[in-house]
Number of protein chains: 2
Amino acid sequence: MVSDDLFADPPEDTQEEILQAAFEVLQEQGYSGLSIQRIANKVGLQKASIYHHYSDKDDLLLSFVDHILDRMESDLIRTADVSPKTQLESILDSLLLDERASTSAVEISPPSDDLLRVFIQIRAQATHNSDYQDRIAAIDERHEEHLAAIIQRGIDAGEFRNVDPNQVATALNTFILGSFSQRATRTQVSLEPVHKSIYSYLENSVYV
Amino acid sequence: MVSDDLFADPPEDTQEEILQAAFEVLQEQGYSGLSIQRIANKVGLQKASIYHHYSDKDDLLLSFVDHILDRMESDLIRTADVSPKTQLESILDSLLLDERASTSAVEISPPSDDLLRVFIQIRAQATHNSDYQDRIAAIDERHEEHLAAIIQRGIDAGEFRNVDPNQVATALNTFILGSFSQRATRTQVSLEPVHKSIYSYLENSVYV
DNA sequence: ACAAGACTAACAAACGTTCGGTTGGTGAAA
DNA sequence: TTTCACCAACCGAACGTTTGTTAGTCTTGT
């Protein structure tokens with residue numbers, strides 16, 4: 001009726017509702033339980049209606065993966081106008097501390113446990129599907145470049161030693177990925193020891 | 001015919017052949033493609049015959065997971081009669097170096113890429129299945145205890161500083177898990193930067 | 001002859017997908 | 001302002017295939 005409704009209560013695209021439903025199904029049933037029928041039930045549609053929005057299951061799944069990896073990337077990569085050391089530590093704090101975003105100066109919202117579990121499952125598909133491999137490689141590379149840029153800024157600013165930014169970034173990324181896998185596949189795992197060890201590494205091997 | 005055949009060319013238990021077939025199917029098709037039909041085709045049996053060896057699919061899958069995790073654990077946990085520092089470094093070398101088991105004093109055969117891919121896929125199932133979660137938690141804990149014991153030996157021998165063995169072990173395990181995930185989900189990934197960084201950590205934060 | 005192991009055949013259920021039909025709203029023609 | 005055509009969105013029903021599973025039968029070594 002009124003054109004204001006366009007901005008008022010966005011019922012969202014049905015397409016996105018379907019992706020959100022897929023997210024929930026994947027979380028509950030896993031990749032092998034991710035069927036058109038279950039997605040349709042979750043949205044409240046007939047399964048035939050899904051094909052009005054996606055040409056086939058492969059189309060839906062590829063869109064879904066892009067959607068998830070975009071969300072993941074926007075949680076991981078953020079620019080901030082603080083010192084390299086502060087930025088690096090606020091990233092690690094948000095990813096590795098139980099009480100998140102409390103002590104750090106910069107507010108960073110880490111990926112939720114739900115998103116992490118879905119991410120780990122998509123990653124596992126990359127073991128046997130080269131389409132997924134390419135996308136996973138791309139997000140990993142961008143994440144490493146992001147970390148390397150911070151380290152390079154730290155070196156330039158005299159805060160960090162003259163380390164190899166790519167080497168340290170790769171190591172940090174591997175570390176973060178390992179902690180993601182822990183968080184997603186085990187319950188009640190404390191990342192505090194990991195947090196302490198990586199700070200020890202930074203203090204003794206990276207900071208001036 | 002002759003009883004010597006029992007030892008000559010071990011056709012192995014049919015049960016194990018089925019598990020090996022499941023291994024290959026999982027590797028090629030992923031978890032969602034792991035069907036009784038495909039496993040039977042791989043062994044050269046009718047799918048009905050599978051039920052002569054396993055009561056149902058769940059039974060087969062649980063045996064399969066146990067089988068894989070046992071193989072994984074025997075690759076990860078080995079006792080050796082060398083100094084703690086040597087043992088720790090030979091473990092890291094075998095897991096993180098491209099040319100494996102060349103420079104290290106102790107021969108350790110690391111998990112193959114195939115096994116690693118399957119392991120990562122089983123781990124991903126743990127995100128939504130508590131049976132898998134328990135088994136994954138168990139193998140992680142044993143691996144961490146193994147690492148912690150080495151570190152404790154190093155402290156007692158005066159080779160390592162008075163660090164918290166469990167904290168360092170947890171960090172090392174997280175690191176190793178991250179590199180496993182990298183190796184399994186990306187092609188052509190070099191673990192050399194990771195290897196260098198962790199050695200830097202050990203030199204500056206753990207060794208005396 | 002006996003049991004283990006493999007076979008053929010069939011089952012209901014779930015799978016992805018297609019077809020044809022029913023809505024409800026929007027824009028143009030009358 | 002009414003009428004009509006159009007179209008996106010959704011639905012019900014059916015399709016052929018694959019799924020896990022069971023029952024009964026044949027084959028084989030001891």
Side-chain angles (χ1 to χ4, degrees), chain A residues 1-26 28-65 121 125 128-129 131-132, chain B residues 1-26 28-65 121 125 128-129 131-132:
Chain A
M1 320 287 177
V2 244
S3 58
D4 284 11
D5 278 348
L6 281 173
F7 302 89
D9 185 23
E12 287 302 323
D13 218 314
T14 307
Q15 226 147 324
E16 279 199 39
E17 282 184 50
I18 292 173
L19 296 186
Q20 178 59 29
F23 181 88
E24 291 168 24
V25 173
L26 179 54
E28 294 166 10
Q29 315 271 357
Y31 208 88
S32 50
L34 192 52
S35 71
I36 303 282
Q37 180 69 68
R38 278 202 260 252
I39 295 172
N41 287 147
K42 193 71 92 173
V43 195
L45 285 179
Q46 288 302 112
K47 64 174 175 175
S49 305
I50 302 289
Y51 289 85
H52 204 266
H53 301 276
Y54 296 96
S55 64
D56 54 14
K57 196 187 180 184
D58 224 60
D59 180 28
L60 197 166
L61 252 47
L62 265 309
S63 299
F64 175 69
V65 169
Q121 290 203 64
Q125 303 303 311
H128 56 96
N129 184 323
D131 284 344
Y132 285 50
Chain B
M1 322 285 178
V2 245
S3 60
D4 284 10
D5 278 346
L6 281 173
F7 300 89
D9 184 25
E12 287 302 322
D13 218 308
T14 307
Q15 225 148 324
E16 279 199 40
E17 282 184 50
I18 292 172
L19 295 186
Q20 177 60 30
F23 181 89
E24 291 168 25
V25 172
L26 179 53
E28 294 165 12
Q29 316 269 357
Y31 208 90
S32 49
L34 192 52
S35 70
I36 302 280
Q37 180 70 68
R38 278 202 259 253
I39 294 173
N41 288 147
K42 193 70 92 173
V43 195
L45 284 180
Q46 289 303 112
K47 64 174 176 173
S49 305
I50 302 289
Y51 289 85
H52 208 266
H53 301 274
Y54 295 96
S55 64
D56 55 14
K57 196 188 180 185
D58 224 60
D59 180 29
L60 197 165
L61 252 48
L62 266 309
S63 298
F64 175 69
V65 169
Q121 290 202 63
Q125 304 303 312
H128 55 95
N129 184 323
D131 284 344
Y132 285 50

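Sequence lines set the chain letters: A, B, ... in the order given, protein chains first and strands last, and positions in each chain run from 1.
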Could you check how far OH of Tyr54(A) sits from P of dA9(D), rounded to whole Å?
12 Å
Please give me the minimum heavy-atom distance between Gln29(B) and His128(A), naming the atom from each residue.
O-CE1, 3.5 Å
Listed nucleotide nearest any side-chain atom of Lys47(B), set dA9(D), dC15(C), dT19(D):
dT19(D)
Send over the distance from Leu34(A) CG to dC15(C) P, rounded to a whole Å.
11 Å
Strictly below 4.0 Å: does Gln46(A) bring a side-chain N or O up to OP1 or OP2 of dG12(D)?
yes
Asp59(B) has an atom CG; how far is it from atom P of dT21(D), in whole Å?
10 Å
Asp56(B) atom CG is separated from dA13(C) atom P, nearest whole Å, by 18 Å
Rounded to the nearest 0.5 Å, how far apart are CZ of Phe64(A) and CD of Gln20(A)?
8.5 Å
Of all the nucleotides listed (dT17(C), dC11(D), dT21(D)), which has the minimum atom distance to the side chain of Leu45(A)?
dC11(D)
Regarding the side chain of Thr14(A), the nearest nucleotide among dC10(D), dT17(C), dA6(C) is dC10(D)
Nearest to the side chain of Tyr51(A), which nucleotide is it out of dT18(C), dC15(C), dC10(D)?
dT18(C)
Mind calculating the distance between CD (Gln37(B)) and C1' (dC15(C)) to the nearest angstrom?
15 Å
Would you mind reading off the distance between Gln15(B) atom CD and dA6(C) atom C1', rounded to a whole angstrom?
15 Å
Answer with base, sugar-phosphate or nothing: what part of the nucleic acid does Ser35(A) contact at a heavy-atom distance below 4.0 Å?
sugar-phosphate
Please check if the side chain of Ser63(B) supplies one atom and the backbone of Asp59(B) the other of a donor-acceptor pair under 3.5 Å.
yes
Where the side chain of Ala48(A) is defined as all heavy atoms beyond and including C-beta, which of dA13(D), dG16(C), dA4(C) is the nearest nucleotide?
dA13(D)
Are the charged groups of Glu28(B) and Lys42(B) less than 4.0 angstrom apart, N to O?
yes
With the side chain defined as heavy atoms from C-beta on, His53(B) is closest, among dG16(C), dC7(C), dA6(C), to dA6(C)
Whether Ser49(B) contacts dG5(C) is assessed here as follows: a side-chain N or O lying under 4.0 Å from the phosphate OP1 or OP2. Is that the case?
no
Nucleotide dA14(C), atom C1' - distance to CD of Gln29(A) in whole Å:
13 Å
Determine: side-chain N/O of His52(A) to OP1/OP2 of dC11(D), distance under 4.0 Å, yes or no.
no
Just the rounded figure in Å: distance from C1' of dT18(C) to CD1 of Ile36(A).
13 Å
Donor-acceptor pair, Arg38(B) side chain versus Val25(B) backbone, under 3.5 Å?
no
